[in-house]
Amino acid sequence: MSKNWARVLILCATALTIFAGVSGGHWGVILLVLPAGAVWLLNTLTDRYFWSTFAFLGQLAGSTLLVFWEQEWTGLIAVTMVLAAWDLDAFGRRLARFDQVEGDIEKAHVQRVGLIGTIGLVLGSLPLVWQFDLSLGWALLVAGILVISLILVLRGAGHAAG
Amino acid sequence: MLGRFRWAFLGTVASFFILLGLAVQLEGVLVLAVPFLVFLFSNLYFDFRSDYDLQSERTVSPSRVSSQALVTVRLDVTNRGPSIEQIELMDEIPSCLEFVEGDRSVIAKLMPGDSISLEYKVRGRRGFAQWQRLSAHISDHLGLQRRTLPLESPGHVFVLPDFPRIYEIEIRPRQTRVYSGTVRTKLGGAGIEFFGVRGYYPGDALRHLNWKATAHHDEPITNEFEQERVADIGIILDARQRTEVSIRENSLFEYSVGAASSLADFFIARGNRVGLLVYGNFIDWTFPGYGKRQCERLLQSLARASLGDRAIFENLEYIPTRLFPAGSQLVLVSPLVEEDVEILLQLRGLYHVIAISPSPIAFELAQAARPESLALAARIETLRRAILLEQLRQAGIRVVDWDVRTDLPLPVEQALGHHTLRHGQTLRGSL
């Protein structure tokens, strides 16, 4: 299940990055993201973790380029998907090493990654939609509150998930 | 990539985005670090505890098997402590065993009181396989924190050597023990084989009266039989690396071990007191004894036997002769090298010696892809070996030159059987 999710996310992230790049007139992004996506997709079928990590970095580079081309939203979504795909791909490989996978451990993992990806996306989008000037002291206070809330939310989610 | 490596990798990527964002002063690049930071911070809700309490129990059934027989290994791990988000168990299989089927690794979530089980089948070559502990890795879902808990889960299995049964070996040690057995003692008394006649003493069984001799001598003459007793037998297995020949996965030493097992089984089955010395790596001595339990001890010792290349044991001169009672029967199982002759001749002065020598030449020819290309070399080596073995025979050592392509009982019974012994004794005039 996690490998299938990883493949879907790789496909989506690759397609999204290429679409955003090409629609902005930046055809060169295809040269970076398409091979990385293809290599990564092929590697989800094998055990070559090394190349998957390179492909992951290639995808991140492509997503970063989108930010430079003023497509921050697309870049953030692509990065989140790439991160989730990387984790799910690695988890799938990890599970493949075991003869026995007990219970719904894979489902729980996918749910956890989904939750973390969503929180990451929400928190990442906040600065994009809501920008205001803060002094350093306020900024530190807000950062502290955010970190504590994040921990509390995740702890609550973890307990709820059992 | 798990644990600290994963932390470091994702932390580096997040830091890179932050530094890049600050350098180019683009908040969009800074924002890219957020999913990574959330991923890393999510780990904080998962707290490792110090009171994990896992108990494991291993069952190996059967714990004593013959070569290539299936052994079932079952592992039960119970969580007596707090809940564990993810536990990975992977059981290592000892080198002399081969995995056949089943589950030997598991990843699971363990709630307090929960158990997980692994069950798999293995089979093996001769040896002593031992499990000591099992590695349990505990981690969070995202693999950012990871801890290894060593779990004591001992277990063992003896894979005993395969051996053919021998039905006849005639031995005549100088000394026997007092208990009745099957070794003839050259002494008159109770027995089966006719030994001689003597005058009748009151109390002799009337059914043993020799009526013809009584009639001839005009006084009562009774038959006397040869006493049969048990003997002390020391089996010496040569485990020196220098005598070993191994081609691909086949080893001449395995034939020696099989022969020693056959001999142990044979002599114990006939009530003798048998000890075993494995000479090579160290002095591996199994104290002499009788019966099935001793047979089991000997076979277990042979299952454990391994080759050694200690310089001090390069020659047979350090065989500890004090371990064997004087006059007892020694059986050396060794491919033999020329330097061994002198030592064996010295041993012959103290003991009755039998040498069972698996032929390294026959072994190499059997394993060779094109044996015809080795014909000349084989002839030369065969002659040298024949000279070596003849030296031993002339000194009164009974030698079995075993072509390992044939089953052991045939050459052993031909060379050491009852008729061969009597024939040899007749030729030497000692019968």
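This is a predicted model, so every value here is computed, not measured. Chain letters run A, B, ... following the sequence lines, proteins first and then strands; every chain starts at 1.
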- Task: Fit a plane to each ring of H156(B) and F128(B), take the angle between them on a 0 to 90° scale, and name the class: parallel (under 30°), tilted (30 to 60°) or perpendicular (over 60°).
- Result: tilted
- Note on the structure: Counting heavy-atom pairs under 4.5 angstrom with chain B, the leader among V67(A), T64(A), D99(A) is D99(A)
- Summary of ring pair (Phe, Tyr, Trp, His ring centres under 6.0 Å) pairs that have at least one residue in residues 3-25 of chain A, sequence neighbours excluded: none
- Give, as side chain, backbone, both or neither, the part of L10(B) having an atom under 4.5 angstrom from any heavy atom of chain A. side chain
Residues 6-16 of chain A side chain polar contacts: donor-acceptor under 3.5 Å, at least two apart:
from: R7(A); atom 1: NE; to: T44(A); atom 2: OG1; distance (Å): 3.1
from: R7(A); atom 1: NH1; to: N4(A); atom 2: OD1; distance (Å): 3.1
from: R7(A); atom 1: NH2; to: T44(A); atom 2: O; distance (Å): 3.4
from: T14(A); atom 1: OG1; to: I10(A); atom 2: O; distance (Å): 2.6
from: T14(A); atom 1: OG1; to: Q59(A); atom 2: NE2; distance (Å): 2.8

- Heavy atoms under 4.5 Å from chain B: which residues of residues 72-84 of chain A carry them? E72(A), G75(A), L76(A), V79(A), T80(A), L83(A)
- Message: Within the structure provided, determine whether R64(B) and L160(B) are in side-chain contact (heavy-atom separation under 4.5 Å).
- Response: yes
- Item | Q68(B) CD: over 12 foreign heavy atoms closer than 6.0 Å | yes
- Which heavy-atom pair separates L299(B) from P161(B) by the least distance, and what is that distance? O-CD, 4.0 Å
- For the candidates E102(A), H109(A), Q100(A), Q71(A), which exhibits the highest count of non-hydrogen atom pairs separated by less than 4.5 Å from chain B? Q100(A)
- Part of Y120(B) within contact of chain A (heavy atom distance under 4.5 Å): neither
- Task: Go through the structure and list residues passing side-chain hydrogen bond (donor to acceptor under 3.5 Å, both in side chains) with S301(B), not counting sequence neighbours.
- Result: T286(B)
- Task: Below 4.5 Å from any heavy atom of chain B, which atoms of L57(A) appear? Answer side chain, backbone, both or neither.
- Result: side chain
- Message: Checking side-chain polar atoms at under 3.5 Å, does S251(B) have a donor or acceptor matched by the opposite partner on R125(B)?
- Response: no
